Amino acid sequence: MVDWADKGFTRRMLEKTFDPVNAEARIYTEWEASGAFDPSKADASAEPFTIVIPPPNVTGSLHMGHALNNTLQDILCRFHRMRGKAVLWQPGMDHAGIATQMVVERQLAADGNEDRRSMGREAFVNRVWKWKEESGGQILNQLRRLGASCDWSRTRFTMDKGLSEAVLKVFVQLYEEGLLYKDKRLVNWDPKFETAISDLEVENKEVDGHFWHFKYPLEGGETYEFPIAFDDNGNPTEWETRDYISIATTRPETMLGDGAVAVHPSDKRYAPIVGKKCLLPLADRYIPIIADEYPDPDFGSGAVKITGAHDFNDYQVARRNDIPMYILMDTKGRMVDEPYVPEKYRCKDRFDVRKEVVADIDQRGLLIMVEDKKIMQPFGDRSGVVIEPMLTDQWYVNAEELAREAISSVESGQAKFIPENWSKTYFQWMRNIEPWCISRQLWWGHRIPAWYTPDGSTYVGLNEADARQKAEAEHGSGVTLVQDEDVLDTWFSSALWPFSTLGWPTDTPELAKHYPTSVLVTAFDIIFFWVARMMMMGLHFMKDEKGSAVIPFPEIYIHGLIVDEKGQKMSKSKGNGVDPLNLIDKFGADALRFALAAQAGQGRNVRISDQRVEGYRNFSTKLWNAARFTEMNACAVDENLDLTSAKETLSQWILSETATCARAVTEGIEAYRFNDAANAVYRFAWNVFCDWHLELAKPILQGPDGPQKDEVRAVTAYVLDQILILMHPFMPFVTEELWGARAKRDQHLIMTDWADADAIPSNESAANEINSLIDLITEVRSVRAEMNVPAGAKIEMIGVALSNENQALIDRHQDLIGRLARIETFSNAKEAPRGAIRVIHNDAVFALPLQDIIDVSAEKKRLTKEVAKIEKEVGVIDKKLMNEKFMSRAPTEIVEEQKSRRVDYQKRHAKLQEALVQLSDL
RNA sequence: GGGCGGUUAGCUCAGCUGGAAGAGCAACUGGUUUACACCCAGUAGGUCGGCGGUUCGAACCCGUCACCGCCCACCA
């Protein structure tokens, strides 16, 4: 073992297989220590390349979605780093208000501690911080295991000091600009977490529900004629006398808060009673029957109960018509203790009250019927409980205003979604955007910087002193100020991530260099939550020298979701999640990363399975063994190798192929076609380099010393280096390990220059020659296998009346053909011996005389089958060539191509026929 | 109700600008030649969801239908 510690490398003979468990941790430490992740260590002139990580929740642990998202980001970062950019991959975490508060509260309960309310706010928040320091952020270490090359020295947290300052500054400025305000309106209320949530945090799900039809008796026993039968023209033919109005509801408990019953103004059935009153049963109040555009006469009875404080539609109707709104429930979804709620229901849970209300209505003979019905019901995305629309005071951002610039920057192409069709999703939401409710009735988060005086005035400031100054200017000194109890939606701080993490509001060098970032990589499920809001905030707060808004990222790459083998979305509730760390333990991080990248086709979800990852582990082993082979054959890296001086056809061919591969990988990554890039390097490494180059090189490598051997050794080493380079973004660990083990290097692979396809010489005739050789060997192998020639049998091959060109191919590569196609002796003849098998290669015929082995009927069958295939192909071509329109309208090169294909087929056909004729004699 | 995507080999998916249907896995056959059985060599398997249209030519473009997914939406 040679110790190259002076370079930070340890040179050792390669073990039989790669040991990821051991190597990954060691290599990661080396990278980090070398400063590779730190863009400030890059050349001062280097162009920046910047990605901000989608900050994982501080409570999070690595799941497959993270693994995919971060693998793709890491591929981009490593690629651009190798291309000489000053790469900043900005890491960090999100404080995840609800999730974190939940975790700590659960922990308190489990430990038998007092709950947060009895602890008090300050003690609880301290407790959360303590939790964060001790057990938060596990995920960052898990990202290291994946190989993520983030600049960890810059790790930020949405609740840290700098980011909190950014939040305050944004809040205050938006408030002063009138883009952020407090309002009393209906919000989505989560009775489990006892907080408001935004529209986006509500999941509407179809559930089995009921549609209850109630009678609301008319005041004073009044009656009217209600039509119940109609003729073909829709005119009523039969009536019944009613002393009630029929309404229907899916939420009977809300009737206690009804302020009116509404019917459509054009609805003739109810015209006689509009303006009258009906009894609200149970509550024993009389409520008006009003006309409003909202009710659909064709739905249900056409009459709608109006519960302004608990339904978004009713709220609008109530406001339009000045109908009183009764808040029925408390923060936990229990009926309030208020005079307008009948005593028997007070303080009871909403769903218990529902049952009681139905029973009580029924008991009074007012229940008309109950229908089973699928209904769309709103649920809290985190709590899973039914969301209750509630009338409360909350803070809002005028998203409509901020959306304007965010929309136009995508319309103009300044910011571009990849794949492009996601911009439609973005537009659709942005163009119909509602005010964003940003206040949360939680304790963990950025506390809203608003203070109230006893008389209800509001003062917003960066801190209490700032607010006090403003308050005292109007209220005189010594005014009592009470801060708003609420905190901000976590996404409010996430929206600032692309600039807050770079130091804003301070004017830092990092901000100058790395904003705007280069690309955002994320999944489509947070386009609204995060991408849209970063666009809005970035454009509003970041301006260039001319004062124009600056987008946070010019490109937004949207990848798919991870799904299981059956195509089901992975989720905790389904229990079908696959733990990426498990897969890393089992197969190594490289294998997992490659599996993810190789399947990350644009616009497609990624299916992950053990089998797939295992396959790519095998690939890394394959590469490892190829490297062992080069080591055993003394293929030493020669830094002074002049590629253009390579004389061997084999060298020229593999260099040409290397250039092609380098081009494909580079273009693939540049176009965010990760699957194409991964597959290109996979095929080249395995199917070209290992399967053919190394096999073709063996006779030389194992032959006598000399310039030929020296060249092939050096070229082979060079090509393997290029493979390591091209594969590094995908499989960083095994490639780095091999890189360091194969030679004494100036730098780790992570910092090595990317392959330059244009600098690798290509030679078309060499490429053609070797590819023809490969075809010939493949053909011989195929025929042998098909004719059941024993694998070990060494046989004779006779060239039949070969052209000079074909003769040359044989002469030049006899060894290789012999070795790889198992040919013992070569000879020539004017005619194929009777009963020999024929291999037809281009325009050449080779005979394999195998009388004792050959099965004549099998050979006839083989040849006949091919003849038929060719005749079919020729038929297709002839049809085209005899089609005048084809001949006159198709481009000449297509016509020529068809003609030349026909010639080739004809030649082959003739040779096959000849063979068949000869066989028929036997 | 609106929007987006999908339907290609047994399975999972490529197929980019219309011009000879591809890969991986699985299956089958054969292999202990000193890089690799986490391997090697080979074989089979497709009416490109259906129907129309455009075109000299369609897996690809247009229309339509069917089925499958996802997102958005206030029908009480």
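This one's a predicted model, so the numbers in the text were calculated from it and none came from an experiment. Throughout, protein chains are lettered first and strands after them, A, B, ... in sequence-line order, and every chain is numbered starting at 1.
Residue A:Leu881 contributes atom CG, which lies 13 Å from atom P of B:rA20 at whole-angstrom precision. One atom, CD1 of A:Ile894, and another, C1' of B:rU17, lie 12 Å apart when rounded to the nearest Å. Distance A:Ile558 CD1 to B:rC70 P: 19 Å, rounded to the nearest Å. When rounded to the nearest whole Å, the span between CG of A:Asn687 and C1' of B:rG22 equals 13 Å. Between A:Phe417 atom CZ and B:rG3 atom P there is a gap of 19 Å when expressed in whole angstrom units. Per the geometry, CD belonging to A:Glu420 stands 17 Å off P belonging to B:rC16, to the nearest Å. Rounded to an integer number of Å, the gap from A:Asp676 CG to B:rA23 P is 16 Å. Distance, A:Glu206 CD to B:rC70 C1': 15 Å, rounded to whole Å.
As judged by a 4.0 angstrom heavy-atom cut-off over every strand, A:Ser888 is placed among residues making no nucleic acid contact. Residue A:Thr425 is out of contact with every strand shown, counting any heavy-atom pair closer than 4.0 Å. Within the 4.0 angstrom heavy-atom criterion, only backbone atoms of the sugar-phosphate kind lie near A:Lys424; the bases stay farther away. As judged by a 4.0 angstrom heavy-atom cut-off over every strand, A:Arg617 is placed among the base-contacting residues. Using a 4.0 Å heavy-atom cutoff across all strands shown, A:Asn432 reaches no nucleic acid atom at all. Residue-level contact check: A:Phe587 touches neither bases nor backbone, having no heavy atom under 4.0 Å from any strand. A:Arg901 comes within contact range of at least one nucleobase, with a heavy-atom separation under 4.0 Å. Within 4.0 Å (heavy atoms only), A:Glu667 reaches no atom of the nucleic acid at all. The residue A:Lys865 sits close only to the backbone: its heavy atoms come under 4.0 Å of sugar-phosphate atoms, none of a base.
A distance of about 10 Å separates the C1' atoms of B:rG22 and B:rA9, rounded to the whole Å. Between the C1' atoms of B:rU54 and B:rC13, the separation comes to 30 Å (whole Å). Spacing between B:rC72 and B:rA27 at atom P, rounded to whole Å, works out to 41 Å. Between B:rA14 and B:rG49, the distance separating the two P atoms is 13 Å to the nearest Å. B:rG24 and B:rA44 are spaced 15 Å apart, taking the P atom of each and rounding to whole Å. With C1' as the reference atom, B:rC4 and B:rA76 are 30 Å apart, rounded to whole Å. Separation of the P atoms belonging to B:rC11 and B:rA58 is 27 Å when rounded to the nearest angstrom.
Sorted by first and then second residue, the side chain to side chain donor-acceptor pair (under 3.5 Å) pairs involving residues 588-605 of chain A (not counting sequence neighbours) are A:Asp74-A:Arg593.
Side chain of A:Arg251 to backbone of A:His310: a donor-acceptor contact under 3.5 angstrom is found. Between the side chain of A:Arg784 and the backbone N or O of A:Pro790, at least one donor-acceptor pair lies under 3.5 Å.
Two rings, from A:Phe587 and A:Tyr616, have their centers 6.0 Å or more apart.
Side-chain proximity of A:Phe528 to the nucleotides B:rC16, B:rC71, B:rC40 is greatest for B:rC71. Of the listed nucleotides (B:rA20, B:rG42, B:rC39), B:rC39 has the atom at the smallest distance from the side chain of A:Lys622.
Among residues two or more places apart in sequence or in another chain, the side chain to side chain donor-acceptor pair (under 3.5 Å) test is passed with A:Thr666 by A:Trp754. Taking A:Asn687 as the reference, A:Asp691 meet the side chain to side chain donor-acceptor pair (under 3.5 Å) condition, with sequence neighbours excluded. Contacts of A:Arg628 classified as salt bridge (Lys or Arg N to Asp or Glu O under 4.0 Å), with partners at least two apart in sequence or in another chain: none. A:Asp585 meets the side chain to side chain donor-acceptor pair (under 3.5 Å) test with A:Arg145; sequence neighbours excluded. For A:Asn675, there are no side chain to side chain donor-acceptor pair (under 3.5 Å) partners, not counting sequence neighbours. Applying the salt bridge (Lys or Arg N to Asp or Glu O under 4.0 Å) rule to A:Asp878 yields the partners A:Arg902; only residues at least two apart in sequence or on another chain are considered.
One finds a side-chain N or O of A:Asn618 lying less than 4.0 angstrom from the OP1 or OP2 phosphate oxygen of B:rC39. Contact check, A:Thr630 against B:rA35: no side-chain N or O comes under 4.0 Å of OP1 or OP2. Taking only side-chain nitrogens and oxygens, A:Arg673 comes nearer than 4.0 Å to OP1 or OP2 of B:rG15.
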Are there any protein N/O atoms within less than 3.5 Å of an N/O atom in nucleotides 25-27 of chain B, and if so, which ones and at what distance?
residue : atom : partner  : partner atom : Å
B:rC25  : O2'  : A:Gln611 : OE1          : 3.0
B:rC25  : O2'  : A:Gln611 : NE2          : 2.9

Are there any protein N/O atoms within less than 3.5 Å of an N/O atom in nucleotides 73-76 of chain B, and if so, which ones and at what distance?
residue : atom : partner  : partner atom : Å
B:rC74  : O2'  : A:Asn313 : ND2          : 2.8
B:rC74  : N1   : A:Asn313 : OD1          : 3.2
B:rC74  : O2   : A:Asn313 : OD1          : 2.5
B:rC74  : O2   : A:Asn313 : ND2          : 3.0
B:rA76  : O2'  : A:Ala248 : O            : 3.0
B:rA76  : N6   : A:Asp296 : O            : 2.9
B:rA76  : N6   : A:Phe299 : O            : 2.3
B:rA76  : N1   : A:Asp296 : N            : 3.0

Can you tabulate the close N/O pairs, meaning under 3.5 Å, that link protein atoms to atoms of nucleotides 9-13 of chain B?
residue : atom : partner  : partner atom : Å
B:rU12  : O3'  : A:Arg607 : NE           : 2.9
B:rC13  : OP1  : A:Arg607 : NE           : 3.0
B:rC13  : OP2  : A:Arg607 : NH2          : 3.4
B:rC13  : O3'  : A:Arg604 : NE           : 3.4

With both pairing distances under 3.5 angstrom for Watson-Crick or G-U wobble, and | for a partner in another strand, the correct string for RNA chain B is (((((((..((((.....[..)))).(((((.......))))).....(((((..]....))))))))))))....
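For the pair A:Leu773/A:Leu696, a side-chain contact is recorded, criterion being any heavy-atom separation below 4.5 Å from C-beta on. Side-chain contact between A:Ile558 and A:Ile556: present, with at least one pair of heavy atoms (C-beta onward) separated by less than 4.5 Å. Using a 4.5 Å heavy-atom cutoff, the side chains of A:Lys794 and A:Ile823 are not in contact. Within the 4.5 Å cutoff, no side-chain heavy atoms of A:Asn188 are placed close to those of A:Glu201.
A distance of 12.0 Å separates OG of A:Ser423 from CE of A:Met430, quoted to the nearest 0.5 Å.
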Return all side-chain donor-acceptor pairs below 3.5 angstrom for residues 257-266 of chain A, not counting sequence neighbours, or 'none' if the list is empty.
residue  : atom : partner  : partner atom : Å
A:Asp258 : OD1  : A:Lys305 : NZ           : 3.1
A:Asp258 : OD1  : A:Thr307 : OG1          : 2.7
A:Asp258 : OD2  : A:Tyr216 : OH           : 2.7
A:His264 : ND1  : A:Ser266 : N            : 3.1
A:His264 : ND1  : A:Ser266 : OG           : 2.8
A:His264 : NE2  : A:Glu293 : OE1          : 3.3

